[in-house]
Amino acid sequence: MSQHPSMLNHPAVLEGAQRLLPEQLSSPAASWLAQRQPSNVSDPLVGQQRALDAIARVQHIGGHHAHVFAVTPSGMDVEQVFSVIAERQQWHTTDLHDWVYLVNPDDGAQPICMHLPAGSSKAIIERLWALLDTEPADRAPLLNSLQEQFNWPPLTRYLERIRDIPFAELPGDELANIVVTQSPAVAWRYCARVSEVDLFGQIRVQTIAGTVSSELHLIQPGALLKANGGTLVIDAEQLLRQGEYWQRLKHILKRGEFVWSVPEQATFYQPQPVPIKLKVILAGSRALLSQLRDLDADFANLFPYLADFTDHFSTKQHSVAAYFKYLAYLQQRAEHRPLSEQALQALLAISSSFTEHQDELSLDTIRLQQLLQEADSIAAQARNQRIEVSDIESAIQAYHRREHYLAELSRQGILEEQVKIDTHGEVVGQINGLTVVTMGGSEFGEPSRITATVHYGDGDIIDIERKSELSGNIHTKGVMILMAYLANLFAGKDPMPLSATLVFEQSYHEVDGDSASMAELCCLVSALSGSPINQSLAVTGAIDQFGNVQAIGGVNEKIEGFFRLCKHRGFQPGQGVIIPYSNQCNLHLSNELIEAVAAGVFQIYTVKHVKEAFELLMDTPCGEVESFDKNTLFGRIQRRIRFAQDDEDSTPWWQFWRKS
């Protein structure tokens, strides 16, 4: 294995940073595959027990203030998932009724709202027509038959009102409108497209001989009335795009009554309000939940229950065998041909990479379905009876080819040396930081050259990004933290007489995040001590005030970006990256990179403390902070500080180095 020559025999380096092995760079997909159990059962709800328990509990709680917000990941098919939940939990249908509007014998402009036993409305209306077609004096047998067959108090009261009235004397030309029928009974409804008509319904108008009017048959229900007595699932984002719909829904839920919104042309027409008794589930993102909790005082009162669906399956908390039921569900959705054993193992590895955690598998249904459908298409073109691992790999490669055009353009600028990035040699006060670039909807990793210079001053670190207003708040915080670390080490008793400047070279957009703070600190230590940094290594990681290295995001993209650059230039001895130890569980690297690590042409090191990075990058032990040993990093810095503090010695500091 190739490595920086002087590192091989340096015990301080070997005791600190850890070099990762190829098997540590991806998820244990092979061991997961070994846990598969033969089963044809499909299940889209694996790993969702927390959310399922919350929904099951709320289904048994009544009242106007017991509704649910369901946090649903973007890749979830909400309608299908709730269909499975409703069936599995046997959501009750005992409160479901048919809803009809009947002509009001006293006022044709105020139809009477009536609920009837589920599925009975058509038969009852037919019997009412037969009753009204009969002379009032001959109606007694029909009335008795109706009341015996449908012993329903609201119907009995209505029959008493119309028993002696001929149909010709009733207002208008209509008897009834069956607004909602529960035949068969449907326990829940899903409102994906939220408009006034879709959610609340409407009262339409008609113009006859220049006269605008509305009648029973023009009353049109929305999802709210169709779900009355059961459960209504609403797309929360669609609902909140129109603030007046949200306000109206809250008013209905609080009052337990639905009042029709009447068109201006027919303000005279006022159907009776509909009593409302239903469970509402708002399905939306966590960001939307946060906004509602922060900005709407009524939300917590009406929606106190949270059903938190997850987008990942933890292999530490659940048996991996259950995940294969989810894959069976995916196969039903995607309708793809069977996967070979190797292809299934590759799918598990890719699924885990979507979560960016080695102990988790993805539950992003849509993303996985898209991958499987593309792999199935490739297999079909090759006339394969099964999806092979090559088909999965081809689908992934095609995705990268589509998405990585901007990354290739950016890398080309480095290869043509329009952007200066050194990937071998040694330089004082220069380091390769690892960044994630977001551009045009694409994200990719690439190195960024960070430089530092030191001069006499009062101990300040001048962040040029901040001075030029190109530093985000988090990046500024990271620079302040590394300043605190240096001050704690070297300015505990006396002011530090040296200042420094720090900059991302050839960076023309805002820099944010604290993931470069370890690289910046290493660069400053190099400049302060005069010790060169090995340019074959790139660095990412955040630090705290005590120098502990903390996890960062985008670790895979960052490593892959530097690896691609080194590969295109031709690998040099000792090339690799340094990452936080706590990010090891996030590694899901490409097969090509893993093979390069196995061949010894690329290395990945993890560090827990920034001192380990100092020693690895500069091939010199840190030593004691109070030491003046020129063979240690801290000793060199202390000697330089002492020289700067010595007012009587006018010898230039570079001669001081030569003398010592």
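No side-chain heavy atom of I481 sits under 4.5 Å from any side-chain heavy atom of D514. For the pair K420/E505, no side-chain contact is recorded, criterion being any heavy-atom separation below 4.5 Å from C-beta on. At a threshold of 4.5 Å between non-hydrogen side-chain atoms, the residues L434 and V555 do not count as touching. Contact check for Y329 versus L45: no side-chain heavy atoms found under the 4.5 Å cut-off. The side-chain heavy atoms of K611 and F634, taken from C-beta on, include a pair separated by under 4.5 Å. Annotation: side chain of V549 is not in contact with side chain of T606 (no heavy-atom distance under 4.5 Å). Taking the side chain as every heavy atom from C-beta outward, L20 and V597 never approach each other to under 4.5 Å. Between R333 and D77, some side-chain heavy-atom pair lies under the 4.5 Å cut-off.
Taken to the nearest 0.5 Å, the CZ atom of F602 stands 9.0 Å off from the CG atom of L589. Rounding to the nearest 0.5 Å places CD of E557 at 5.5 Å from CD of E356. Atoms CG and OG, from L348 and S362 in turn, are 11.5 Å apart once rounded to the nearest 0.5 Å. Summarising the geometry, atom CG belonging to N586 is positioned 10.0 Å from atom CG belonging to D359; distances are rounded to the nearest 0.5 Å. If you take CG on L616 and CZ on R19, they are separated by 10.0 Å, rounding to the nearest 0.5 Å. Atoms CZ and CG, on R386 and L339 in that order, are 9.0 Å from each other to the nearest 0.5 Å.
Looking at H609, its side chain does come within 3.5 Å of a backbone N or O of F546 through a donor-acceptor pair. Between the side chain of Q535 and the backbone N or O of I533, at least one donor-acceptor pair lies under 3.5 Å. In this structure, the side chain of S536 does not engage the main chain of Q575 through any donor-acceptor pair within 3.5 Å. For Q506 (side chain) and Q418 (main-chain N/O), a donor-acceptor pair under 3.5 Å exists by modelled atom type. A donor-acceptor pair under 3.5 Å links the side-chain atoms of Q358 to the main chain of Q584, judged by distance alone. Listed for the Q603 side chain is a donor-acceptor partner under 3.5 Å among the backbone atoms of G600. The backbone N or O of E443 sits nowhere less than 3.5 Å from a side-chain atom of T438 that would complete a donor-acceptor pair. Remark: the backbone N or O of S352 is paired with a side-chain donor or acceptor of T355 at under 3.5 angstrom. Judged purely by atom type and a 3.5 angstrom limit, S290 has no side-chain atom pairing as donor or acceptor with the backbone of A287. No donor-acceptor pair closer than 3.5 Å links the side chain of S499 to the backbone N or O of I461.
Nearest heavy-atom pair, C522 versus L617, reported as atom, atom and distance to 0.1 Å: SG-CD1, 3.6 Å. Shortest non-hydrogen contact noted between M439 and L406 is O-CD1, 3.3 Å. Of all the heavy atoms in T72 and M76, the pair that sits closest is CG2-SD, 3.9 Å. Nearest heavy atoms, L482 versus S517: CD2-O, 3.8 Å. Of all the heavy atoms in V46 and A322, the pair that sits closest is CG1-O, 3.3 Å. The two residues M518 and V610 have their closest heavy-atom pair at CG-CG2, 3.9 Å.
Shown are C523, P447, S448; of these, the side-chain contact (heavy atoms from CB on, under 4.5 Å) with I431 is made only by C523.
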task = Applying side chain to side chain donor-acceptor pair (under 3.5 Å), run through E393 and Q397 and close with a yes or a no.
result = CA-CA 6 Å; E393 292 174 347; Q397 290 169 3; 5.1 Å; no
request  = Given side-chain contact (heavy atoms from CB on, under 4.5 Å), test Y326 with T365 step by step and report yes or no.
outcome  = CA-CA 9 Å; Y326 174 75; T365 298; 2.8 Å; yes
task = Please test I579 against L587 for side-chain contact (heavy atoms from CB on, under 4.5 Å), starting from the C-alpha separation and ending with a verdict.
result = CA-CA 10 Å; I579 65 171; L587 294 179; 3.9 Å; yes
task = Tell me, with the steps shown, if F309 and L363 meet side-chain contact (heavy atoms from CB on, under 4.5 Å).
result = CA-CA 10 Å; F309 288 89; L363 296 175; over 6 Å; no
query = Can E408 and H568 be said to form a side chain to side chain donor-acceptor pair (under 3.5 Å), step by step?
reply = CA-CA 11 Å; E408 292 174 5; H568 279 81; over 6 Å; no
query = Could you walk me through whether V320 and L33 pass the side-chain contact (heavy atoms from CB on, under 4.5 Å) check?
reply = CA-CA 9 Å; V320 179; L33 184 61; over 6 Å; no
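Checked for salt-bridge contact, R564 and E560 meet the test: a charged N lies under 4.0 Å from a carboxylate O. Under 4.0 Å is where a charged nitrogen must lie from a carboxylate oxygen, and between E388 and R337 no such pair does. Look at D308 and R286 and you find a salt bridge, because one of the NZ, NE, NH1 or NH2 atoms lies within 4.0 Å of a carboxylate O, short of that distance.
Within 6.0 Å of OH on Y581 lie no more than 12 heavy atoms contributed by other residues, nucleotides or ligands. More than 12 heavy-atom neighbours from other residues, nucleotides or ligands sit within 6.0 angstrom of CD on E416. More than 12 heavy atoms of other residues, nucleotides or ligands lie within 6.0 Å of CZ in R402, so this atom counts as buried by the packing criterion. Within 6.0 Å of the NE2 atom in H424, the count of heavy atoms belonging to other residues, nucleotides or ligands does not exceed 12. Crowding of Q412 atom CD: a count of heavy atoms from other residues, nucleotides or ligands under 6.0 Å exceeding 12.
Proximity of the aromatic rings of F571 and F563 is defined here by a centroid distance below 6.0 angstrom, and this criterion is met. In summary, the aromatic rings of H404 and F444 are positioned with their centroids too far apart to meet the 6.0 Å limit.
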